[in-house]
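This report concerns only the one structure given below.
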Amino acid sequence: MRRPSAALLALLLAGVSPAIALEGPAPAAPAAPVAASGKPRVVIVATGGTIAGAGADAANSATYQAAKVPVDKLIAAVPAIAGVAEVRGEQAFQIASESFTNAQLVDLAKKVSALAKRDDVDGIVITHGTDTVEETAYFLDLVVKTDKPIVMVASMRPSTAISADGALNLLDAVTVAAAKDSRAKGVLLTMNDEIQAGRDTTKRVNIKPSAFFSQWGPLGMVVEGKTYWFRAPVKRHGTASEFDIDTIDALPEVAIVYGSGNMHPEAYTSAVAGGAKAIIHAGTGNGSVAGYLVDTLKDIRAKGVQIIRSSRVGDGFVLRNAEQPDDTYDWVVAHDLNPQKAKILAAVALTKPRDAKDLQRIFWEY
Ligand code: GLU
């Protein structure tokens, strides 16, 4: 066990022990400034979703309206938060997350980047709908240059339902955002007692509180107000990223075409006609492309649009030059990123003109 530092001892004496884990390597980043109360300062940025949802009947866990409850009420509903951190809320949006646009993603990231630069902010929590929280988490992971904890949180049941999961998820998210050992771990998602890497996690169940998984496992858990870590992210993110939201004002269009039997070329050509700068091919198996589609995809690449092979399977990773001769066709593989994550990385990468070789480098590194 690592011996607690003097700063850590001061925090422990000030009563913030639940947020601090004594085990594991020392945090790489310097200690954040601490408020007069001794508690870390956490801003909760609210965007909507089920965690801010309300229904008419407690028995209804799936029939309700998302994005109804304002952030100050969310915070007031969980008094235990005050024992963990000094929190304040900011209402960024009040929407269901399937309605997020690129413009809103950019807006949110600029807001989070500005908050992360402030000396009086030690951590940031973002409440969000579960539908696209995995995309927003990965986007922020790529473009916000900070080591301060950024923790996404959501819920599967509205606050009005029996066994609502939002209150504990929010308390856990604040606990993670307030913990020094959460620094430099990329954007995180805290739900269902687990701390997931924003890059890796995906919604795999659409009706249960245990909705999020990563094929590589959670980074850690938060249990009874304490963080426990089991692995660290290895891909570039945060301060190690070459992308910076402070220099990005808009994202290019990227389309996903879902693979199946009996495909039609129009699915691809209409995406290009609609302005897509890259197409994520959510292929069967190893990102396979039907023989009768290969010429269409080669023609699209010849017009300058990037072809990125991902897979509809969910787990595993797409091998380069296995199912298709990517070197010959000048295509890219999405590695282990699912189609919606690949869409985010492609959009960020293509904010600058880039050849397929450099785009492939990015898909290996992030
Ligand atoms: N579809 C809504 C959203 O993603 C509600 C789902 C949820 O948050 O679980 O915001």
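Numbering of ligands and ligand atoms starts at 1, following listing order. All residue numbers refer to positions in the sequence shown, counting from 1. Excluded from the calculations below are hydrogen atoms, water molecules and symmetry mates; all remaining heavy atoms, backbone and side chain alike, are included.
Ser155 and Asn169 form no side-chain donor-acceptor contact under 3.5 Å, judged by distance and modelled atom types alone. A donor atom on one side chain and an acceptor atom on the other are not found under 3.5 Å apart for Tyr258 and His281.
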With side-chain contact (heavy atoms from CB on, under 4.5 Å) as the criterion, how do Arg361 and Arg354 come out once you've worked through the C-alpha distance, each side chain's angles and the decisive distance to 0.1 Å? CA-CA 11 Å; Arg361 172 193 65 79; Arg354 225 176 266 285; 3.9 Å; yes

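Short contacts between ligand 1 and Gly49, defined as distances under 4.0 Å to a heavy atom of the residue, involve ligand atoms 8 (O), 10 (O). Listed by number with element, the atoms of ligand 1 under 4.0 Å from a non-hydrogen atom of Thr50 are 5 (C), 6 (C), 7 (C), 8 (O), 9 (O). Taking every heavy atom of Gly129 and a limit of under 4.0 angstrom, the matching atoms of ligand 1 come to 3 (C), 4 (O), 8 (O), 10 (O). Listed by number with element, the atoms of ligand 1 under 4.0 angstrom from any heavy atom of Glu98 are 1 (N), 2 (C), 3 (C), 4 (O), 10 (O).
Residue contacts with ligand 1: Thr130 is placed with a nitrogen or oxygen under 3.5 Å of a nitrogen or oxygen of the ligand (distance criterion only). Residue-to-ligand polar distances keep Lys203 apart from ligand 1: every N/O pair is separated by 3.5 Å or more.
Checked for salt-bridge contact, Asp122 and Arg183 miss the test: no charged N lies under 4.0 Å from a carboxylate O. We find that Lys203 and Asp131 are joined by a salt bridge, their nearest charged nitrogen and carboxylate oxygen being less than 4.0 Å apart.
Using 4.0 Å as the threshold, Ser155 has a heavy atom nearer than that to some atom of ligand 1.
Residues forming a ring pair (Phe, Tyr, Trp, His ring centres under 6.0 Å) with Phe317 (at least two apart in sequence, or on another chain): His335.
Nearest protein heavy-atom contact of atom 10 (O) of ligand 1 is Ser97 N, 2.7 Å.
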